[in-house]
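Notes follow once the structure below has been shown.
Computed from heavy atoms alone, side chains included, the values below leave out hydrogens, waters and symmetry copies. Quick note on labels: first sequence line is chain A, next is B, and so on, each numbered from 1.
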Amino acid sequence: MKYKEYKGINYAEVADEVLEFWKKNDIFNKSVDQKEGAETFMFFEGPPSANGVPGIHHVMGRAIKDIFCRYKTQKGFQVKRKAGWDTHGLPVELGVEKELGITKEDIGKKISVEDYNDACRKAVMKYTDIWNDLTEKMGYWVDMKDPYITYKPKYMESVWWLLKQIFDKGLIYKGYSIQPYSPKAGTGLSSNEVNQPGAYQDVTDTTVIGQFKAIPETVPSSLNISEDLYLLAWTTTPWTLPSNTALTVGPKIDYVVVKTFNQYTFEPIQVVLAKSLVAKQFAGKKFNQVEGVAELDSYSKGDKQIPYYIATECKGADLIGIRYEQLLPFALPYENSENAFRVIGGDFVTTEDGTGIVHTAPTFGADDAMAAKQAKPEIPPMLVKDEDDNLVPLVDLQGRFRPEVGEFAGMYVKNEYYNEGEAPDKSVDVQIAIRLKEENKAFKVEKYVHSYPHCWRTDKPILYYPLDSWFIKVTDKNDRMYDLNTTINWKPESTGTGRFGNWLQNANDWNLSRSRYWGIPLPIWKSEDGKELKMIGSLAELKEEIQKSIAAGFMDSDIYSDFVVGDMSEENYDKVDLHKNIVDQITLVSETGKPMRRESDLIDVWFDSGSMPYAQWHYPFENKEAVDDGLKTADFIAEGVDQTRGWFYTLHAIATMVFDGVAYKNVVSNGLVLDKNGQKMSKRLGNAVDPFTTLSKYGPDATRWYMISNANPWDNLKFDLEGVAEVQRRFFGTFFNTYNFFALYANLDGFDFKEQAIPIEKRTESDRWIISKLNSLTKKVDDAFNDYEPTKAARLIQDFVIDDLSNWYVRLNRKRFWKGEYNEDKKSAYQSLYTCLLTVAKLGAPIAPFFLDKVYGHLNEVSGQEEHDSVHLSKFPEADESLIDEELEARMEMAQKVSSLVHSLRKKEKLKVRQPLSKIMIPVMNENTVDRVKAVEELILTEVNIKAVELIDDTSGVLVKSIKPNFKKLGKQYGPRMKDISKAIAGFSADDISQIEKENKYALDLGDTIIELTLEDVLIASEDIPGWLVASEGGLTVALDINITDDLKKEGIARDIVNRVQNLRKDNGLEVQDRIKIQISSEDSIVTESVKQFEEYLCIETQANNLLVVDNLADGEELDIDDLKIQVKIEVN
RNA sequence: GGGCUUAUAGCUCAGCUGGUUAGAGCGCUACACUGAUAAUGUAGAGGUCCGAGGUUCGAGUCCCCGUAAGCCCA
């Protein structure tokens, strides 16, 4: 059995082979099944929607998921991971509408809801094949055979159950939310409909800056106001002014009080507005800023210019709490009217337009409603009781003012809503403006052109209007959600504490209602008068209720008659459908015998996906115990940071509300994948990277490794294919080369590692070093994975492979592999390298699952050391701390530094490495260094081709030392005196240095005080040896003897000859093991002497059986070594 | 407007609780090496550590205010 040797490698092909291997041997299932009984590591898959094609960012997200699942599998856990599909929701519906060429209006008319839902069901799984293909090709292991699908009856039943739990806790209520509404069409519009092209049109509206008169007692004394104060608030919808219940300011915004005169009534006023908007509101010829209050007195009614004077300044926060007189007192809010008409704070206030004070009408503005809710106490909306005792806004569903609104009662709030020819000359907005002007309540009235959304059907302006919605009272649970969140390990932490934590504290109630067709229907049936409700939590319950309804005569038959309660088989559940088109046929009967119809809305799809911890197991109807015992809590989830308020939130909310627990313990929120210029990828810009071409060109391993190693998952990734290529070349190329090198010689020597491992203490220094490094690496990589830091892990592994293993260990030990007989030393080298390769394969397998499985397979195939078919079934390496020798690692580092310094000196002097030199000198300051250098002396000598290392200590007297303060130590002690100390130490003479060295103390005179220094307070280094060629770095100094003796020269020549002969061998296509015969001639005696002197060396190195020096070699190869002419001829012997 | 993130060499990124010459890889330039060779080594050029202020004996690192980009929210 031989290790597989490669001529070249195509990583994508390797991946294909491995994929085949996995399939054939069922490796994924084995990796789960073999762990039966082991501790479970629960992973939840955030379901993608399969009605779009996957992009390169999905490779990123799924790589992260996969890495930790594979890692935990190797760590001995049983990692269950079910795939899932998110199948409901607006994008699906819109896609289908587009495909069928219909609009929402047509549903139920041109196409039945049933047919429409069928179309959605088909559309949603349209791209599943492509998704499955990507999943496979990128090596994402997830159970795709048994995914959870949100439109399946079992899933939907669980969702109903969850909702009912929440309902039973009293956390579900019916309220209203401000939505775009078309009075003429009588329907709400989705934000998507509003955002359709053409919906926004420029309109000219009458705008008013109202003067809201502050109630003097509530104005903070700090403002130092004596006369009446008016708050200025701007609105483009004056018809909402009767519904005003608050004014909102930005707490951090600067405001000013301005003394001036009203331009319509000419009465003196003082007004408040944002400082930065003064210029805008007092612009033009009409106003004139004055510097003193006195100048205002000269104003008289009718003057061309109105003077204004800026009196005081304050922050928005200072204004909060001021109460004001209602501007248009037609009605009072039915509830808590005492809390209305206050100044509150809001984040949404800007100073781009208006006055920096926002007129707030919670019944007609989403922002307004939000700010009102968040104020403490809450600002009540302007809702009054109608004839049926229902709370309604001052504008009815047709868009007309209710009777309460005095002279405006019955008028449409927009002239556009009147029938052709019936609109009054002066719109409501204009009439209101006129009234306000007359009452000294309008600071300014202007026409204003802005873009305003219109109903795409009626082409009339929309209203933002409070529409009925079902809510979950999340606000009751915010504190609990916040507390539970502190137990979740977020990567990065800031997303958890900041983005998510802040959101949790301020989250509003969850609006569940969606007026759509393809989704999970709200399982709420309501009597016509709205007084009786039924919330259904299971199919069994529904069937029972249907029976009652049949008995009451509201239904003819049970539409689920085929369904057998309690039968959990797929066949049984396939008989039912819980979608809107079916359940809307159901009429139930109330406790008092009244008919109940279903509330027509669907549940927000985010509730679907947030239910997956339970619904994927059809909890609690099946798997109840297992789920209760832990299947409902993920150990790990990972999604994009954009899911913070999406899936991460809904999971957390549902888990908190229903189970008072967390849905996940660890969560990685990854950033975006941008193009190489940092631009968002989009089809439109044409900069989107196709995952399939990338995978097929570079293979999944390099793609994954690049994504993970390049940036932390939570940072945005600038995806550059060049980078993938670099990873492939640098990391995979190096690792592959190292493996191939190993395979080549191990095969020649028949190394199969079936023998006992050579005890570590019997191996060479460099073997022990690389093993020590390997164990350090193992520990660090394990820690990194365990901390959900894949980037650290990847970088550690690649640094080890490139720097330690390949560029140092293999380079230094190359000869041990191909020279000499198969002895213990050689075995030791093979074993060490084998262990490194195998361990790296295991450590890196979670990130590069294909290629490293291949390498693992090749290694293990020969050695048979492990009984696993795949690295993914193997155990993650455990660091053996007893093999970690920090001292050894430190001295090897010293060897590397010394070598590097010598190389650089040689370079400077143009002395090639093949030319041996007699010695280097290293100044050593302490015993520790002496020991270190001695231990690695041999290594250094071979590496830099030097004959001897000479250690120079103090006694030599040739060292020139430098001294500097140990800032870290002295700084803590002497703080402010550091400058003086530093200066004094810099002035140390050689005698001073030797004094502190000898006596370990030094009295430093700072002029006013004397401080005692010990050796630990300073750093002494030797940076020069006068008269020698010296290089220095990081406290380490090396001097090189560059004298070349005749013997050295000859040896150099011999090495050059070896080199050239090796080249000839290669040029002539000789195999490594071919023996040769060499003939050499040269006119230079030094060459022939060299050959004679180093005959044995030459033969060994070049695998020559004999070596002849001849006088004349006409057919030989002409060599030119440092101007020496040599002819050489080689023949296979 | 708010929350969060990011900003260090031409590019991609390190930089530990603050400690005095800010690093790596890629790219570029030059040289070397040549039985791992579609590799490798050494050296060089390349930095206002986004800007301004502050704390400190000392700031890339801590604080404050900005700027720019990104995400989410409004």
Side-chain angles (χ1 to χ4, degrees), chain A residues 8-9 250-253 346-352 356 366-367 370-371 492 494-503 506 640-646 669 671-672 674 676-680 706 709-712 714-718 720 722-723 725-727 729-731 733-734 736-742 744-745 791-792 795 798-799 802-803 806-807 810-811 814-815 817-819 899-908 910-914 964-972 974-982 1033-1034 1058-1060 1062-1063 1065-1066 1070-1072 1101-1103:
Chain A
I9 186 161
K252 289 181 186 169
I253 297 174
D347 290 339
F348 61 91
V349 179
T350 73
T351 53
E352 279 162 25
D367 277 346
M370 181 95 61
S494 60
T495 299
T497 54
R499 192 186 271 229
F500 195 60
N502 293 344
W503 163 255
N506 302 313
V641 69
D642 53 336
Q643 292 296 333
T644 309
R645 287 163 196 196
S669 74
L672 266 67
L674 308 169
K676 62 179 173 182
N677 300 316
Q679 298 289 311
K680 215 173 160 178
Y706 164 72
S709 67
N710 189 61
N712 279 313
W714 36 90
D715 290 330
N716 288 347
L717 172 70
K718 290 180 193 160
D720 187 356
E722 297 273 326
E726 187 185 320
V727 162
R729 257 201 329 269
R730 212 171 125 67
F731 172 64
T734 305
F736 165 73
N737 267 335
T738 307
Y739 163 78
N740 223 20
F741 170 85
F742 166 83
L744 176 67
Y745 293 109
T791 308
K792 266 187 194 159
R795 287 176 180 172
Q798 81 187 27
D799 286 349
I802 295 167
D803 296 336
S806 172
N807 289 351
V810 172
R811 194 158 52 81
R814 229 158 29 197
K815 285 194 178 152
F817 292 92
W818 51 261
K819 210 168 128 181
S899 303
S900 162
L901 288 170
V902 176
H903 278 304
S904 106
L905 286 171
R906 276 179 172 275
K907 158 82 193 157
K908 246 178 234 163
K910 296 199 188 302
L911 292 166
K912 53 189 174 188
V913 178
R914 267 199 302 270
K964 65 178 181 181
N966 182 346
F967 281 95
K968 201 163 184 170
K969 185 164 183 302
L970 285 174
K972 285 206 175 76
Y974 296 107
R977 300 308 307 263
M978 278 311 288
K979 277 209 171 112
D980 300 328
I981 296 172
S982 174
E1033 188 210 322
V1058 168
N1059 166 246
R1060 306 305 151 103
Q1062 299 287 33
N1063 284 348
R1065 283 183 61 116
K1066 215 172 150 194
L1070 299 191
E1071 293 297 321
V1072 173
E1101 291 292 322
T1102 60
Q1103 311 264 0

Rounded off to whole Å, could you give me the [atom1]-to-[atom2] distance for the [X] and [N] pair?
{"X": "A/Leu717", "N": "B/rU6", "atom1": "CG", "atom2": "C1'", "answer": "14 Å"}
{"X": "A/Asn807", "N": "B/rA39", "atom1": "CG", "atom2": "P", "answer": "13 Å"}
{"X": "A/Asn737", "N": "B/rG41", "atom1": "CG", "atom2": "P", "answer": "12 Å"}
{"X": "A/Lys969", "N": "B/rC57", "atom1": "NZ", "atom2": "P", "answer": "19 Å"}
{"X": "A/Glu722", "N": "B/rC26", "atom1": "CD", "atom2": "C1'", "answer": "10 Å"}
{"X": "A/Gln798", "N": "B/rC26", "atom1": "CD", "atom2": "C1'", "answer": "12 Å"}
{"X": "A/Arg977", "N": "B/rG19", "atom1": "CZ", "atom2": "P", "answer": "23 Å"}
{"X": "A/Arg811", "N": "B/rU37", "atom1": "CZ", "atom2": "P", "answer": "16 Å"}

Give [X] one of three labels, base, sugar-phosphate or nothing, depending on what nucleic acid heavy atoms sit under 4.0 Å from its own.
{"X": "A/Lys968", "value": "base"}
{"X": "A/Arg730", "value": "sugar-phosphate"}
{"X": "A/Thr644", "value": "nothing"}
{"X": "A/Asn1059", "value": "sugar-phosphate"}
{"X": "A/Asn716", "value": "sugar-phosphate"}
{"X": "A/Gly971", "value": "base"}
{"X": "A/Lys718", "value": "sugar-phosphate"}
{"X": "A/Asp803", "value": "nothing"}
{"X": "A/Arg814", "value": "base"}

For nucleotides [N] and [M], find the distance between their [atom1] atoms and express it as a whole number of Å.
{"N": "B/rU8", "M": "B/rA52", "atom1": "P", "value": "16 Å"}
{"N": "B/rC33", "M": "B/rG19", "atom1": "C1'", "value": "40 Å"}
{"N": "B/rC71", "M": "B/rC64", "atom1": "P", "value": "26 Å"}
{"N": "B/rU40", "M": "B/rG3", "atom1": "P", "value": "48 Å"}
{"N": "B/rA9", "M": "B/rC49", "atom1": "P", "value": "10 Å"}
{"N": "B/rG1", "M": "B/rG47", "atom1": "C1'", "value": "36 Å"}
{"N": "B/rU29", "M": "B/rG46", "atom1": "C1'", "value": "11 Å"}
{"N": "B/rC57", "M": "B/rG66", "atom1": "P", "value": "28 Å"}

Out of [options], whichever nucleotide has its closest atom nearest the side chain of [X]:
{"X": "A/Met978", "options": "B/rG19, B/rU12, B/rA39", "result": "B/rG19"}
{"X": "A/Glu726", "options": "B/rC71, B/rC26, B/rC13", "result": "B/rC26"}
{"X": "A/Arg795", "options": "B/rA14, B/rC57, B/rC71", "result": "B/rA14"}
{"X": "A/Asn502", "options": "B/rC4, B/rG19, B/rA36", "result": "B/rC4"}

Look up atom [atom1] in [X] and atom [atom2] in [Y], then write down how far apart they are to the nearest 0.5 Å.
{"X": "A/Ile802", "Y": "A/Asn737", "atom1": "CD1", "atom2": "CG", "result": "11.5 Å"}
{"X": "A/Asp799", "Y": "A/Asn807", "atom1": "CG", "atom2": "CG", "result": "11.0 Å"}
{"X": "A/Asn710", "Y": "A/Lys718", "atom1": "CG", "atom2": "NZ", "result": "9.5 Å"}
{"X": "A/Tyr706", "Y": "A/Arg730", "atom1": "OH", "atom2": "CZ", "result": "14.5 Å"}
{"X": "A/Leu674", "Y": "A/Leu717", "atom1": "CG", "atom2": "CG", "result": "7.5 Å"}

(message) In terms of relative ring orientation, are A/Phe742 and A/Tyr739 parallel, tilted or perpendicular, with 30° and 60° separating the classes?
(response)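 Rings of A/Phe742 and A/Tyr739: tilted, as their planes differ by 30° to 60°.
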Under 3.5 Å for both donor-acceptor distances, Watson-Crick or wobble: does [N] have a partner, and if so which one?
{"N": "B/rU21", "result": "none"}
{"N": "B/rA74", "result": "none"}
{"N": "B/rC16", "result": "none"}
{"N": "B/rC49", "result": "none"}
{"N": "B/rG60", "result": "none"}
{"N": "B/rA7", "result": "B/rU67"}
{"N": "B/rC28", "result": "B/rG44"}

(message) Tell me if the side-chain of A/Ser806 makes a donor-acceptor pair with the base of B/rA36, cut-off 3.5 Å, by modelled atom types.
(response)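 Indeed, a donor on one side and an acceptor on the other fall under 3.5 Å apart.
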(message) Between the base of B/rC71 and the side chain of A/Arg499, is one N or O donor paired with an acceptor at under 3.5 angstrom?
(response)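 Answer yes: a donor N or O sits under 3.5 Å from an acceptor.
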(message) When you compare the side chain of A/Tyr974 with that of A/Ile981, does any pair of heavy atoms fall below 4.5 Å?
(response) yes
(request) Taking the side chain as every heavy atom from C-beta outward, state whether A/Val810 and A/Phe741 have any pair of such atoms under 4.5 Å apart. (result)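 Yes. Closest side-chain heavy atoms under 4.5 Å.
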(message) Both A/Met370 and A/Asp715 contact RNA chain B. Taking the nearest nucleotide for each, which residue is further toward the 5' end?
(response)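 The 5'-side residue here is A/Asp715.
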(message) On RNA chain B, does the nearest nucleotide to A/Pro976 precede the nearest nucleotide to A/Leu672 from the 5' side, or the other way round? Give the residue.
(response)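 Going by which nucleotide is closer to the 5' end, it is A/Pro976.
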(message) So, OP1 or OP2 of B/rA14: does either fall under 4.0 Å of a side-chain N or O from A/Asn712?
(response)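 For B/rA14, OP1 or OP2 has a side-chain N or O of A/Asn712 closer than 4.0 Å.
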(message) Is A/Ser494 close enough to B/rU5 that one of its side-chain N or O atoms is under 4.0 Å from OP1 or OP2 there?
(response)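 For B/rU5, OP1/OP2 do have a side-chain N/O of A/Ser494 under 4.0 Å.
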(request) Would you name the heavy atoms of A/Arg795 and A/Ser709 that are closest together and state the gap between them? (result)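 Scanning both residues completely, I find the closest heavy atoms to be NE-O, 2.9 Å.
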